[in-house]
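Only one structure is covered here, and it is reproduced in the block below.
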Amino acid sequence: MLTLLTVNDTNNLCFNYFDNYYFSKILYIEIKNLHKLSSYFLNVSENDSESLKRIKQYQYLWVSCDFCDGLNYRKTFMSKMYICEHCDSYVRMGSSERIDFLIDSGTWYPIDEDMVSFDPIQFENEDPPYIEKLDSNQREHGLTEAVQTGIGQLNGIPIAIGVMDFRFIGGSMGSVVGEKITRLIEYATSELLPLILVCASGGARMQEGSLSLMQMAKISAALHDYQSKKKLFFISILTSPTTGGVIASFAMLADIIIAEPEAHIAFAGKRVIEQTLNQQVPEGSQEAEIIFESGLLDLIVPRNILKGVLGELFHLHNFVPVNPKASKFLT
């Protein structure tokens, strides 16, 4: 059954957007026809294929909050950087959206975007098979792997950046993810670029066995050359969730470690710890604010000012814009 909103009780939620053509001309008609102004919620039978078809046709206009289930108008939601207007919670962003948010328009250049995994250990003990899961995730999300890497400019400052995407098999770190991040670090080392890695991962990818675990050491070795030998500047940004092999390796090796508010950060998840140790994990003990109090984070930065803070950090470490006139670092 699908639970849908009627017009009668959506004044506070929807009517602020009546100036938008799609809402006023299309969605209003759909809601009126489907709900008939009868109640706050209307259950549409799954057998009512025509109604379901029309609902799905316009569902892209709305985004449901993962925390309060509130509906956010997509265009406004994107402009607010995926922060729910009802509960102010941080909804997960895809890697492409984060790149658009952090990188100056027209300066993004991807690296190794055609690199894909081909099931290196022939993992078959899964339904659907691993290779089919890879294919379906690639088609569904338009990504080749769980990380996008490339170079661009942040407030005019050239940087190398890798952004993980939790939607792609939980942002898990397989051999291709590790190779892409390693190559990005090596490129940043050779070109003397500052580095940003945005983490969103459930950890190592079990379908690739020890090949996945090896990526932790490979990336850490590349970072050693980058930081210790070249004395370059690395910032990691921890988003929700950042767990497992990622938090145990490069996510915590940065010169500056930043987290988003209320981000879930842990080596092992709450359920895994409780099942393994038979001990209750206190509620909220794996959130960024508690981790910050323990001294494992340098900053907790709200998403809407993150780009400006990064610009100031680069400025503090003597990185300057390519364009001398681009002296404004706060957005």
Side-chain angles (χ1 to χ4, degrees), residues 65-68 82-84 87-95 97-98 137 145-148 162-175 177-178 180-181 195-220 223 234-303 306 309:
C65 176
D66 298 334
F67 301 92
C68 70
Y82 287 71
I83 300 175
C84 178
C87 65
D88 293 327
S89 295
Y90 281 54
V91 179
R92 289 174 186 160
M93 296 178 71
S95 54
E97 288 80 6
R98 286 193 181 276
N137 274 265
E145 255 297 346
V147 67
Q148 292 193 66
V163 184
M164 305 190 77
D165 199 314
F166 190 77
R167 298 173 303 170
F168 196 103
I169 314 183
S172 52
M173 183 172 62
S175 54
V177 171
K180 290 183 70 172
I181 293 176
L195 173 68
I196 295 176
L197 292 177
V198 183
C199 307
S201 175
R205 187 171 298 176
M206 68 172 189
Q207 295 92 337
E208 297 188 17
S210 60
L211 291 177
S212 177
L213 296 176
M214 288 168 58
Q215 308 311 312
M216 299 167 60
K218 182 170 72 174
I219 296 172
S220 298
L223 279 174
F234 167 37
I235 298 176
S236 68
I237 301 172
L238 312 187
T239 70
S240 189
T242 300
T243 62
V246 171
I247 199 69
S249 56
F250 62 88
M252 303 303 288
L253 294 177
D255 300 295
I256 301 290
I257 304 173
I258 299 174
E260 288 188 336
E262 300 179 357
H264 180 76
I265 302 169
F267 175 71
K270 182 175 184 290
R271 177 177 56 84
V272 173
I273 295 174
E274 292 178 344
Q275 290 180 353
T276 304
L277 303 179
N278 292 322
Q279 293 183 1
Q280 192 73 21
V281 177
E283 198 66 35
S285 62
Q286 296 179 325
E287 290 186 355
E289 287 72 14
I290 302 299
I291 306 298
F292 176 76
E293 291 177 3
S294 301
L296 295 178
L297 302 175
D298 296 300
L299 297 167
I300 296 178
V301 181
R303 189 179 287 171
L306 178 59
V309 170

When you measure from the side chain of [X] to the backbone N and O of [Y], does any donor-acceptor pair fall under 3.5 Å?
{"X": "Ser172", "Y": "Arg205", "answer": "no"}
{"X": "Lys180", "Y": "Gln148", "answer": "no"}
{"X": "Glu208", "Y": "Ser175", "answer": "yes"}
{"X": "Tyr90", "Y": "Arg303", "answer": "yes"}
{"X": "Thr243", "Y": "Ile265", "answer": "no"}
{"X": "Asp298", "Y": "Ile258", "answer": "no"}
{"X": "Asp255", "Y": "Phe234", "answer": "yes"}
{"X": "Gln286", "Y": "Ala268", "answer": "yes"}
{"X": "Ser212", "Y": "Met173", "answer": "yes"}
{"X": "Ser201", "Y": "Gly171", "answer": "yes"}

Gln280 and Glu274: CA distance, side-chain angles, deciding distance, side chain to side chain donor-acceptor pair (under 3.5 Å) verdict: CA-CA 6 Å; Gln280 192 73 21; Glu274 292 178 344; 3.2 Å; yes

What distance separates [X] [atom1] from [Y] [atom2], expressed to the nearest 0.5 Å?
{"X": "Leu306", "Y": "Ile237", "atom1": "CG", "atom2": "CD1", "answer": "4.5 Å"}
{"X": "Glu262", "Y": "Glu289", "atom1": "CD", "atom2": "CD", "answer": "6.0 Å"}
{"X": "Ile290", "Y": "Leu296", "atom1": "CD1", "atom2": "CG", "answer": "12.0 Å"}

Distance-minimising heavy-atom pair for Phe67 and Cys87: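 For Phe67 and Cys87, the tightest heavy-atom pair comes out as CB-SG, 4.4 Å.
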
If you look at every heavy atom in Pro241 and Phe166, which pair is closest and at what distance?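 Of all heavy-atom pairs spanning Pro241 and Phe166, the closest is CG-CE1, 3.4 Å.
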
Less than 4.0 Å between a side-chain N and a carboxylate O, is that true for Glu260 and Arg98?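 Salt bridge: yes.
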
